[in-house]
J.: 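Structure provided below as structure tokens; questions to follow.
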Amino acid sequence: MKNRQDIHQMPTLATVMTPFPYHIDINAKVEEALQLMAQHKVHHLPVTRDGDLETVISRGDIERAHAPGHRLEEQQLYVHDLCARRPYIADLHDPLDRILLAMADAGIGSVLVMREGELAGIVTVTDMLRFCAHYLVQVTQPLDDSIA
């Protein structure tokens, strides 16, 4: 959205997504996922199996497994032990309002974004909040009608 006229057109996921996200193999150790997240300052990683998109894992998934009393806390953990089984997947061109409502209604923390059957990006709640904050700043600023 470069100017106020853009507010009349619904943005798509392409506007908000992080393109070409870092990803991890489903058989990797959880420590590897944590290192990758820390290194790239992300909280979600798409998970692949033999190069194909499988699901997603979040820092929250890992933190819950390491919580005291969790049945997995004493074991060597692998990504496949913790990741969500059914990720929310959407198309690059899906309208943002539909995805925002789906995320809110289902308590979804991330959306894997596809383009022609291939992973194109990821959108997280943080991405959405950042976009909405910038959008609100833009639409609440007065138009400059002065002529230079």
Side-chain angles (χ1 to χ4, degrees), residues 1-67 70 72 76-145 148:
M1 278 191 289
K2 293 183 175 73
N3 59 48
R4 285 190 72 155
Q5 291 146 343
D6 290 338
I7 66 171
H8 300 293
Q9 183 177 356
M10 180 58 64
T12 64
L13 278 179
T15 307
V16 182
M17 75 176 194
T18 300
F20 311 110
Y22 299 99
H23 56 85
I24 193 157
D25 187 78
I26 199 161
N27 293 312
K29 293 179 181 178
V30 167
E31 288 77 22
E32 293 173 50
L34 282 172
Q35 289 171 355
L36 192 59
M37 289 176 184
Q39 179 182 357
H40 298 289
K41 298 181 175 117
V42 298
H43 294 120
H44 295 80
L45 291 172
V47 176
T48 58
R49 181 190 309 262
D50 299 325
D52 294 326
L53 183 63
E54 188 79 15
T55 188
V56 66
I57 189 168
S58 71
R59 182 179 299 279
D61 296 331
I62 296 169
E63 289 171 355
R64 279 187 292 281
H66 285 106
H70 193 284
L72 296 175
Q76 170 63 61
L77 296 176
Y78 294 87
V79 171
H80 60 79
D81 293 323
L82 305 181
C83 55
R85 299 295 173 228
R86 299 169 118 198
Y88 191 95
I89 296 175
D91 185 79
L92 179 77
H93 302 294
D94 284 346
L96 202 52
D97 63 328
R98 192 175 93 213
I99 303 304
L100 278 167
L101 288 171
M103 291 176 80
D105 291 346
I108 299 167
S110 64
V111 174
L112 298 176
V113 183
M114 306 297 280
R115 179 175 184 235
E116 298 177 7
E118 297 292 325
L119 180 65
I122 188 169
V123 174
T124 67
V125 170
T126 302
D127 297 326
M128 293 291 202
L129 290 171
R130 196 171 282 123
F131 175 83
C132 289
H134 290 288
Y135 174 82
L136 290 171
V137 167
Q138 184 179 10
V139 298
T140 58
Q141 291 180 349
L143 286 175
D144 183 9
D145 292 331

J.: Report yes if some heavy atom in the side chain of Thr55 is under 4.5 Å from a heavy atom in the side chain of Arg49; otherwise report no.
T.: no

J.: Answer yes or no: is there a side-chain heavy-atom contact under 4.5 Å between Ile122 and Val56?
T.: yes

J.: About how many Å separate OG1 of Thr48 and CG of Asp25, when rounded to the nearest 0.5 Å?
T.: 5.0 Å

J.: Nearest 0.5 Å, what's the CD-CG distance between Glu31 and Leu77?
T.: 7.0 Å

J.: Within a strict 4.5 Å, meaning less than it, do heavy atoms of the Lys29 and Asp81 side chains meet?
T.: no

J.: Is there side-chain contact between Leu96 and Thr15, with heavy atoms separated by less than 4.5 Å?
T.: no

J.: Under the ring-ring contact (aromatic ring centres under 6.0 Å, His included) definition, can you give me all pairs with a residue in residues 24-64, not counting sequence neighbours?
T.: Tyr22-His40

J.: Please give me the minimum heavy-atom distance between Ser58 and Arg64, naming the atom from each residue.
T.: OG-NH2, 4.4 Å

J.: How far apart are the closest heavy atoms of Ala33 and Leu45, and which atoms are they?
T.: O-CD1, 3.7 Å

J.: Would the number of heavy atoms belonging to other residues, nucleotides or ligands and lying under 6.0 Å from CZ of Arg59 be above 12?
T.: yes

J.: Taking all non-hydrogen atoms of both residues, which atom of Val113 and which atom of Leu92 are closest, and how far apart?
T.: CG1-CA, 3.6 Å

J.: Heavy atoms, side chains only, cut-off 4.5 Å: are Met128 and Val16 in contact?
T.: yes

J.: With sequence neighbours left out, write down each residue that passes ring pair (Phe, Tyr, Trp, His ring centres under 6.0 Å) with His80, or none if nothing qualifies.
T.: Tyr78

J.: Flag the pair Gln39 / Gln35 as yes when at least one side-chain heavy-atom distance between them is below 4.5 Å, and no otherwise.
T.: no

J.: Evaluate the side-chain proximity of Pro21 to Leu119: yes if any heavy-atom separation is below 4.5 Å, no if none is.
T.: yes

J.: Could you tell me which non-hydrogen atom of Ile108 sits nearest to which non-hydrogen atom of Val125, and how far apart they are?
T.: O-CG2, 3.5 Å

J.: A side-chain contact here means heavy atoms from C-beta on lying under 4.5 Å apart; do Val42 and Met37 qualify?
T.: yes

